[in-house]
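One structure is given here, and the rest of the page talks about it.
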Amino acid sequence: QSPRATWNNLTNERSMSSTTSSLPPCRILLRSKKAAELYTINGNSSNENEAEQVENASRVTTIAKGSSTMHCFSDDGTKLLLLLPSVGVKVFDLGAISTSSNEEDVERSSFVLGGGGGSVGVQFMCLSSLGSYILTWEKSKPASGNTNASSNEEGETSSPPPSNLKIWSSVSGRLLHGFYMKTCKRHQWPPLRWTHDEQFAFHQVTNQLNVYNGHDFAKSADNVNEDETKDSSGEKIAVRYIDQIRCKGMTSFSLPTKSSIQLSPSQPPSQSQPKKKYLLSTFIGETKGKPARVSLLRYPDRCGTADNPTSGNVLVSKSFYQAEECTTQWSPQGDAALILTTTSVDSSGESYYGSTNLYLLLSDVKTRGIDGEALSVPLPSNNNSRNNNNAGGPVLDVAWMPNSNKPSTFAVISGKMPALTSLHHGTTAEPTFLLGNAHRNTIVWSDHGRFLTVGGFGNLAGGMDFYDRNKMKPMAQYDPLTGNDLGTKGNTASCAVGYGWSPDSRYFMVSTTSPRMNVENGVTLYKYNGLEVRDENVVSWDNKKFLPNLLLAAEFVPAKQDVYPDRPQSPPPKRSGGEGGAGADDGGATSSTSTGGGNAIKTAAAPATYVPPAGRYVPPSARKSGGGMSLADRMRKEREGSSVGVTKVAPRGGVIGANPKKGPVGMTNVDGAGGKSKSALRKERQRLAKKKAEEEAKAEAERAAVEEKERIAAAAADPMKRAKKLRKMLKQIDELKTKDSSTLNEDQKKKLASEDELRKELESLSVS
């Protein structure tokens with residue numbers, strides 16, 4: 001390589017290093033039975049700061065000592081909720097905590113909800129959309145010392161139950177408001193949700209949603225149990241909901257957290273009609289033979305006329321059977337929702353784990369001028385053909401691509417093992433790319449939506465595949481020392497429990513935690529392409545301290561969307577005859593050395609010449625895949641599947657994303673031979689049957705005509721022979737006449753019917 005090319009590459013690396021070094025480092029929370037600690041990942045530091053980098057990498061901030069039960073981050077990563085069994089919910093201001101913070105600094109940057117003791121029994125907790133409020137739920141405790149208790153006929157006292165669904169201020173930790181909720185299941189949490197801008201809060205109660213002003217809860221801090229507060233004159237006023245949405249039989253609801261629908265400027269806001277309209281979804285489970293139903297509503301003007309006479313019809317509704325639970329995932333734009341329904345028992349008996357169905361609800365379809373639409377997501381089968389009846393197998397996982405600035409798309413893993421991973425268009429739900437079959441059950445997108453991890457976690461072996469969404473190719477891994485291509489199969493994260501991408505989309509983390517796994521606890525860090533990171537300057541924690549079962553949870557601290565830029569893959573390292581190094585972002589995966597101010601270039605050793613291993617003969621067809629025809633080779637091939645290939649699916653309309661012709665909701669598409677409706681298929685079968693019957697009748701007539709011609713020709717050629725044959729047939733007819741007519745078959749009956757014709761023919765031959 002020329003000196004100028006080498007100098008240009010060094011300049012580009014230094015430019016990228018100076019840019020990334022100005023970004024804040026990513027942090028990861030490791031919560032163990034001994035302490036909760038924040039570690040810093042120094043993958044974005046430049047070589048000039050290597051000494052400081054090593055020093056910071058060895059630093060860890062302990063935010064709490066002892067065991068903790070659960071934790072929760074705000075969406076922007078500025079707040080952390082940590083539940084300590086003996087203290088309660090403790091709130092940490094992560095913006096004021098750094099690697100140089102000591103124990104006193106951490107204590108000054110934190111507080112306990114309610115001042116201590118008031119949140120010890122919390123079982124669920126979360127933050128509002130913008131992090132202004134904290135919602136907690138705990139089991140209800142019997143009221144004590146209540147002067148408002150009344151006596152019944154038997155002399156027993158009764159009092160209103162105390163609030164156990166509580167709203168707290170995330171700034172001061174003060175209790176703002178409370179409700180009573182007897183039980184809370186995981187699929188119902190949270191029962192109170194704020195809109196993305198916290199202007200409204202929707203509280204689920206029996207058969208309805210109570211709509212509150214999102215900031216009115218702070219006014220009820222004086223009296224929690226009676227829903228009362230004081231105004232400026234000192235008089236008590238009731239804090240009540242401002243609106244209601246009736247929905248009989250509702251079991252859960254959901255709100256998007258990142259978007260809303262704006263009205264046009266020609267429609268000014270009013271007190272009854274706010275400027276913004278908010279989407280939400282409701283789910284009614286299957287009961288008493290009635291199908292389940294999921295509906296897409298728009299508050300305040302499209303909430304359903306059946307239960308809300310003053311409102312318009314819902315945007316779209318979908319009814320179906322075999323749906324016990326419903327999971328809703330909103331698109332990053334907030335205008336569409338994926339609905340995954342599940343049942344614990346599969347009535348067809350095909351699956352032991354129950355049945356699943358996947359639907360796409362659209363709030364607005366501008367191309368066809370309709371308000372909303374419900375689509376059944378077509379799941380491609382293993383032979384790359386579409387199956388519009390969701391018969392491609394169970395849906396193992398589904399996830400939206402999180403970047404709202406790119407065209408919406410989502411990924412689905414479906415089918416029996418090895419399952420098929422596919423990418424779908426976010427508006428038409430049609431599959432656009434197939435990522436191959438493998439033993440995978442988990443989809444994890446990076447925050448920028450560029451990189452995609454498809455993993456087989458949980459009860460699977462832990463295989464991982466890493467894809468570049470922009471290039472639609474699996475990402476290759478390179479040996480940081482030699483530059484050799486290590487392939488695209490990814491590493492295996494055995495016994496994986498937790499996982500996630502860093503907010504800068506450069507690292508992927510896999511953790512093994514207790515109590516799910518009580519052995520080999522620890523955290524493994526990978527680069528964006530799946531190469532394991534072992535550099536101690538980056539991985540500053542020691543997994544030995546978590547052995548065997550001390551690690552409880554691991555999670556990256558989230559960040560705001562615009563903090564880190566969307567960066568592509570780094571150029572691969574040179575294999576020979578050039579500089580080593582993995583480019584600007586080696587991420588700690590390389591072990592390059594520098595002398596003389598960091599300007600020296602390390603040259604990678606040339607790969608050794610291939611020497612075929614001695615041993616048994618391997619046929620040429622099996623050499624490329626690295627295996628033969630033994631049982632172990634075949635099991636390995638089945639386990640690996642075909643996950644490295646990406647196949648583009650040809651759209652039915654000719655253009656990816658084009659809207660095909662669609663029939664009524666719940667019916668399959670009517671365009672193309674592979675997407676005909678049931679009625680069309682039935683009519684086609686009837687038409688083919690009629691055509692076949694006509695062809696058979698025509699063939700029978702032609703055969704009879706041919707036999708008649710042959711008979712006439714035979715009689716003209718040899719009358720004696722023909723007469724002999726006719727007498728034989730008449731003798732057989734006489735024998736049939738002596739038998740019971742009910743025992744005769746069709747051929748015998750036809751022979752009896754032809755007696756007169758045969759006698760006339762015999763007379764015409766004039767043979768004695």
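From a predicted model like this one, the values you see are computed outputs, not experimental measurements.
- The two residues Ala96 and Ser109 come nearest to each other via the heavy atoms CB-OG, 3.5 Å.
- A donor-acceptor pair shorter than 3.5 Å cannot be found between the side chains of Trp400 and Ser408.
- Counting heavy atoms from C-beta outward, Val539 and Leu525 have side chains that approach closer than 4.5 Å.
- Remark: the backbone N or O of Gln561 is not paired with any side-chain donor or acceptor of His448 at under 3.5 angstrom.
- Of the possible donor and acceptor atoms, one in the side chain of Asn164 sits under 3.5 Å from a partner among the backbone N and O of Glu138.
- In this structure the side chain of Leu81 reaches within 4.5 angstrom of the side chain of Ile134, judged on heavy atoms.
- Proximity of a side-chain donor or acceptor of Ser331 to a complementary backbone N or O of Gly334 within less than 3.5 Å is detected.
- Contact record, Trp189 with Leu135: CZ2-O, 3.6 Å, taken as the closest heavy-atom pair.
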Could you give me the CA-CA distance, side-chain angles and deciding distance for Trp330 and Ser281, then say whether side-chain contact (heavy atoms from CB on, under 4.5 Å) is met? CA-CA 10 Å; Trp330 290 91; Ser281 67; 3.9 Å; yes
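- Side chain to side chain, Asn529 and Gln569 fail the donor-acceptor criterion of an N or O pair below 3.5 Å.
- One finds the CZ atom of Arg27 at 13.5 Å from the OG atom of Ser502 (value rounded to the nearest 0.5 Å).
- In this structure, Tyr133 and Trp194 have parallel ring planes: the angle between them is below the 30° cut-off, well short of the 60° mark.
- Of the N and O atoms on the side chains of Ser132 and Glu198, at least one donor lies less than 3.5 Å from an acceptor on the other residue.
- One finds no salt bridge joining Glu103 and Arg108 here, because no Lys/Arg side-chain nitrogen approaches an Asp/Glu carboxylate oxygen to under 4.0 Å.
- Within 6.0 Å of CD on Gln123 lie more than 12 heavy atoms contributed by other residues, nucleotides or ligands.
- The two residues Val523 and Ala554 make their nearest non-hydrogen contact at CG2-CB, 3.8 Å.
- Remark: Lys34 NZ is loosely packed, at most 12 non-hydrogen atoms of other residues, nucleotides or ligands lying under 6.0 Å away.
- At distances below 3.5 Å, not a single donor-acceptor pair connects side-chain atoms of Gln329 with backbone N or O atoms of Leu338.
- Relative orientation of the Tyr299 and Phe202 rings is perpendicular, given thresholds of 30° and 60° on the angle between their planes.
- Considering only heavy atoms from C-beta on, Val444 comes within 4.5 Å of Trp501 through its side chain.
- The cationic group of Arg506 lies under 6.0 Å from the six-membered ring centre of Tyr528 and within 45° of the ring axis, placing it in a cation-pi geometry.
- With hydrogens and angles left out, the side-chain atoms of Thr432 and His425 include no donor and acceptor closer than 3.5 Å.
- Distance alone, capped at 3.5 Å, places no donor-acceptor pair between the Arg567 side chain and the Ser505 backbone.
- Under 4.0 Å is where a charged nitrogen must lie from a carboxylate oxygen, and between Lys406 and Asp566 at least one such pair does.
- When all heavy atoms are compared, the tightest approach of Trp445 to Pro402 is CB-CD, 3.4 Å.
- Ring centers of Phe217 and His215: at least 6.0 Å apart, outside the cut-off.
- Separating the CG atom in Leu550 from the OG1 atom in Thr513 is a distance of 12.0 Å, to the nearest 0.5 Å.
- Listed for the Ser169 side chain is a donor-acceptor partner under 3.5 Å among the backbone atoms of Val171.
- Relative ring orientation between Trp541 and Tyr39 is described as perpendicular, the plane-to-plane angle rising above 60° on a 0-90° scale split at 30° and 60°.
- Of all heavy-atom pairs spanning Asn518 and Asn549, the tightest one is O-CB, 3.4 Å.
- With hydrogens and angles ignored, the 3.5 Å screen pairs a side-chain donor or acceptor of Thr195 with a backbone N or O of Gln199.
- More than 12 heavy-atom neighbours from other residues, nucleotides or ligands sit within 6.0 angstrom of NZ on Lys33.
- Figure legend: Arg469 and Phe451 shown without cation-pi pairing, the cationic atom not lying both under 6.0 angstrom from the six-membered ring centre and within 45 degrees of its axis.
- Salt bridge present: Lys545 and Glu37 bring a charged side-chain N and a carboxylate O closer than 4.0 Å.
- The residues Lys79 and Asp93 are annotated as not salt-bridged, no charged nitrogen and carboxylate oxygen being separated by less than 4.0 angstrom.
- Residues Leu280 and Leu209 meet the side-chain proximity criterion, which asks for heavy atoms closer than 4.5 Å.
- Atom OG of Ser110 sits about 5.0 Å away from atom CZ of Phe92, to the nearest 0.5 Å.
- Taking the six-membered ring for Trp and thresholds of 30 and 60 degrees, Phe466 and Phe508 have ring planes more than 60 degrees apart, a perpendicular arrangement.
- Looking only at atom types and distance, the side chain of His71 has a donor-acceptor partner in the side chain of Glu555 under 3.5 Å away.
- Nearest heavy-atom pair, Ile443 versus Leu452, reported as atom, atom and distance to 0.1 Å: CG2-CD1, 3.6 Å.
- Residues Phe410 and Leu423 fail the side-chain proximity criterion, which asks for heavy atoms closer than 4.5 Å.
- The backbone N or O of Tyr212 sits nowhere less than 3.5 Å from a side-chain atom of Asp216 that would complete a donor-acceptor pair.
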